[in-house]
Each structure stands twice: as structure tokens, then as C-alpha cells.
Chemist: 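One structure, as C-alpha cells, below. Some questions next.
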Amino acid sequence: MERSKQKQMNESENEADSAINGHFDGRVKIPGWSAGGAAGTPSTAPSSSVMESWREERTRSLEDNELSLPSIAAAYTTILRGLGEDPQRQGLLKTPWRAATAMQFFTKGYQEKIIDVLNDAIFDEDHDEMVIVKDIDMFSMCEHHLVPIFGRVHIGYLPNKRVLGLSKLARIVEIYSRRLQVQERLTKQIAVAITEALQPAGVGVVVEATHMCMVMRGVQKMNSKTVTSTMLGVFREDPKTRDEFLTLIRS
């Protein structure tokens, strides 16, 4: 009985490690890095099933969009009535359809898979110096209030005999940001996708964003910004590598 209970607890812990709100949570183990972040702590390489997790991420299709559009528009009609508006007045006649179409566009990341973007853009290259793409524009939707998050993303990685087409880093940002998000998860998803695709020596991602749920409502702080970061591999282990990355994205 005790053995069965212990097995169930272990399975639950494994499941918790693999997903956050239906998404891989980024606890990928790479050589020389442990979950605790201790430098030089040996850890096992990711299993193939974990490493392939980023290939199974499309949860919505174009056909789904067509089928769900009427129900989303009807929901917006209900919202307009609940706000005290008349959905039949001239200015609002087409608003539910426009809003439904806009929301599908704002969340189009659910229709895309990382592998579709990266499949033909990973190249063998004998380059082991830091690669940085900074100031990538980012637009997302807060999953708590369904209002915009917008800002910039900075990405750096140390190649391990493989590099990624530079524009594809921006595409990774686009796919994950065009979903209902919290900034912390978005930051980690970008870093883990690059790690799983390239197996670099390390990855660093910094996101600076304004949340309209803080600007337009709640505390209403107009100039507030939220900064999150994820550091994997040598970016986490080696303070000099991390400081170089942070210095370069600020320059």
C-alpha cells in the first residue's frame, strides 16, 4: 500500500515538473546545470521525450477559427449587453465580429508550432561566441484580465556547433507571445525553445514589458515596467558570461 502511494506521489511530481497550465515549464536539464542553479553541479541530459516537447504545441487550426468565430462573436454581443450597450446600434453592429476576429489574431500563437519555424533554419557552424538579438518588439495578452502586454525581448545564446537564423529568434517570440500569457512563463518558454532546438552552451532571455492591467486599472501606474529573465547553462553558471550578456543588451 505504501509502495503504491509513493509511486503515485512520484508520478504527480513528474507531471508537475513537465507542464505549467498545459505548457512545458522549461525545467530542462542541460549538461553542467542543475535545477538549483549551482555552478558545476552535474546533471543528466534531457530525455528525448522532453527534448521533443516543443514539437507538439499547435492547439488550434484555421478550421477551428472558422468554426469558433460565431460563438466568440455571440459572446462579445453578450458582453456588450452586459455593459449596458445596445449591440444593434449602428456603431456596434459589426463590433462582435471585429472583436472576435481580432482576438483570434491576438492569440494566433496557438495555431503555430516552433518546429514549423525552425525546421529549415538550424545550421551547422563552427562559431562559439555569443549571439545576441535585442529589442525584439513583443505584444501579448494578459491571461488574467485579457488586456495587452507589450514591450521588448532580448535574447542571447552561446552556440555549440549550431546556429539559428537570426529572424527565427523573433519568430519564437511571436509564437509564444501571441497566446494568453504571464510574463514569467513567456520568458521561460522562449529560453527553453532555443535550448531544445540548438542545445547551445547557454541561453539568456530578458523581457521588459508594460502591462495594461497595471496601467489602465488596479494601481494605475503609468510608467511601471516589469522585467523578467531566464538564464540557462553557462548564462546561469558563469557570472562573467551573464554580465557580458546583460551589458551588451543595455548598450
Side-chain angles (χ1 to χ4, degrees), residues 16-30 33-37 46 50-51 53-54 57 106-110 112-114 117-118 130-145 147-158 164 166 168-215 224-239 241-250:
D17 278 350
S18 66
I20 292 180
N21 291 350
H23 296 288
F24 180 61
D25 78 345
R27 297 179 193 179
V28 60
K29 294 181 179 180
I30 54 182
W33 173 71
S34 67
V50 172
M51 292 303 296
S53 64
W54 58 290
E57 291 175 351
F106 296 154
T107 60
K108 66 186 180 71
Y110 291 119
E112 301 173 301
K113 293 174 64 174
I114 297 295
V117 172
L118 305 188
M130 194 177 298
V131 177
I132 294 177
V133 177
K134 65 178 186 176
D135 296 325
I136 301 170
D137 290 331
M138 178 276 295
F139 301 92
S140 191
M141 296 288 287
C142 167
E143 68 179 34
H144 300 146
H145 304 97
V147 294
I149 303 169
F150 60 92
R152 299 180 299 170
V153 179
H154 315 291
I155 299 172
Y157 71 95
L158 276 174
L164 183 64
L166 295 178
K168 303 306 181 183
L169 294 173
R171 288 293 305 278
I172 292 174
V173 173
E174 181 76 359
I175 289 175
Y176 282 120
S177 64
R178 294 295 188 173
R179 300 177 181 182
L180 302 183
Q181 281 288 10
V182 296
Q183 185 173 330
E184 297 87 342
R185 184 174 66 233
L186 170 62
T187 309
K188 183 172 286 187
Q189 286 177 330
I190 294 168
V192 171
I194 297 167
T195 298
E196 293 183 340
L198 293 179
Q199 288 295 279
V203 174
V205 177
V206 174
V207 178
E208 308 172 58
T210 297
H211 294 241
M212 297 309 290
C213 55
M214 288 183 65
V215 173
S224 64
K225 284 189 177 181
T226 301
V227 181
T228 51
S229 68
T230 295
M231 304 290 169
L232 300 178
V234 294
F235 282 72
R236 187 182 182 98
E237 298 169 5
D238 183 4
T241 301
R242 182 169 59 251
D243 289 347
E244 179 186 355
F245 168 62
L246 295 174
T247 299
L248 288 171
I249 67 174
R250 291 168 184 154

Chemist: Before giving the answer on side-chain contact (heavy atoms from CB on, under 4.5 Å), spell out for Val206 and Met231 the whole-Å C-alpha distance, their side-chain angles and the decisive distance to 0.1 Å.
Modeler: CA-CA 9 Å; Val206 174; Met231 304 290 169; 4.1 Å; yes
Chemist: Out of curiosity, Gln183 CD to Thr228 OG1, how far, rounded to the nearest 0.5 Å?
Modeler: 3.5 Å
Chemist: Is there a side-chain contact (heavy atoms from CB on, under 4.5 Å) between Tyr110 and Leu180 once you walk through the steps?
Modeler: CA-CA 9 Å; Tyr110 291 119; Leu180 302 183; 3.6 Å; yes
Chemist: A side-chain contact here means heavy atoms from C-beta on lying under 4.5 Å apart; do Val153 and Leu186 qualify?
Modeler: no
Chemist: Mind checking what makes ring pair (Phe, Tyr, Trp, His ring centres under 6.0 Å) contact with Tyr157, not counting sequence neighbours?
Modeler: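 Checked Tyr157 against ring pair (Phe, Tyr, Trp, His ring centres under 6.0 Å); zero matches.
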Chemist: What distance separates Met138 CE from Ser177 OG, expressed to the nearest 0.5 Å?
Modeler: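 Taking CE in Met138 and OG in Ser177, the distance rounds to 6.5 Å.
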Chemist: Is the backbone of Gly109 close enough, under 3.5 Å, to the side chain of Arg179 for a donor and an acceptor to pair up by distance?
Modeler: yes
Chemist: Just to verify, what does His145 make a side chain to side chain contact (heavy atoms under 4.5 Å, CB included) with, not counting sequence neighbours?
Modeler: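 His145: side chain to side chain contact (heavy atoms under 4.5 Å, CB included) contacts with Cys142, Val147, Cys213, Arg217.
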Chemist: Any non-hydrogen side-chain atom of Ile172 less than 4.5 Å from a side-chain atom of Ile155?
Modeler: no
Chemist: Leu248: which residues meet the side chain to side chain contact (heavy atoms under 4.5 Å, CB included) condition with it, sequence neighbours left out?
Modeler: Met130, Ile132, Glu244
Chemist: Rounded to the nearest 0.5 Å, how far apart are CZ of Phe235 and OG1 of Thr241?
Modeler: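 Nearest 0.5 Å value for the CZ-OG1 distance: 7.0 Å.
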Chemist: In chain order, what residues pass the side chain to side chain contact (heavy atoms under 4.5 Å, CB included) check against Thr230, with sequence neighbours excluded?
Modeler: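 Only Thr187, Lys188, Ala191, Leu232 meet the side chain to side chain contact (heavy atoms under 4.5 Å, CB included) criterion with Thr230.
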Chemist: With salt bridge (Lys or Arg N to Asp or Glu O under 4.0 Å) as the rule and sequence neighbours excluded, what pairs involving residues 206-215 come up?
Modeler: Arg152-Glu208
Chemist: Going by the rule side chain to side chain contact (heavy atoms under 4.5 Å, CB included), which residues pair with Val117 if we only count those two or more places apart in sequence or in a different chain?
Modeler: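 Partners of Val117 under the side chain to side chain contact (heavy atoms under 4.5 Å, CB included) test: Lys168, Arg171, Ile175.
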Chemist: Compare all side-chain heavy atoms of Gln199 with those of Thr195 and state whether any distance is below 4.5 angstrom.
Modeler: yes
Chemist: Among residues at least two apart in sequence or on other chains, which ones pass side chain to side chain donor-acceptor pair (under 3.5 Å) with Lys225?
Modeler: none
Chemist: Just jot down the salt bridge (charged side-chain N to carboxylate O under 4.0 Å, His left out) partners of Arg242, sequence neighbours excluded, or say none.
Modeler: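 Arg242: no salt bridge (charged side-chain N to carboxylate O under 4.0 Å, His left out) contacts found.
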Chemist: Hey, could you give me the CG/CG distance between Asp238 and Leu158, rounded to the nearest 0.5 Å?
Modeler: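 Rounded to the nearest 0.5 Å, the CG-CG separation comes out at 9.0 Å.
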Chemist: Kindly give the heavy-atom pair with the smallest separation between Thr210 and Ser224, and that separation in Å.
Modeler: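 The answer is OG1-O, 3.9 Å.
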Chemist: Assess, by modelled atom type and distance only, whether the side chains of Ser140 and Gln181 contain a donor and an acceptor separated by less than 3.5 Å.
Modeler: no
Chemist: Measuring from Tyr176:OH to Arg185:CZ, what's the distance to the nearest 0.5 Å?
Modeler: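 Going from OH on Tyr176 over to CZ on Arg185, the span is 11.0 Å.
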Chemist: Side chains of His154 and Asp135, heavy atoms from C-beta outward: is any pair under 4.5 Å?
Modeler: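 SC-SC contact between His154 and Asp135 confirmed.
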Chemist: Is there a side-chain contact (heavy atoms from CB on, under 4.5 Å) between Phe139 and Glu174 once you walk through the steps?
Modeler: CA-CA 8 Å; Phe139 301 92; Glu174 181 76 359; 5.9 Å; no
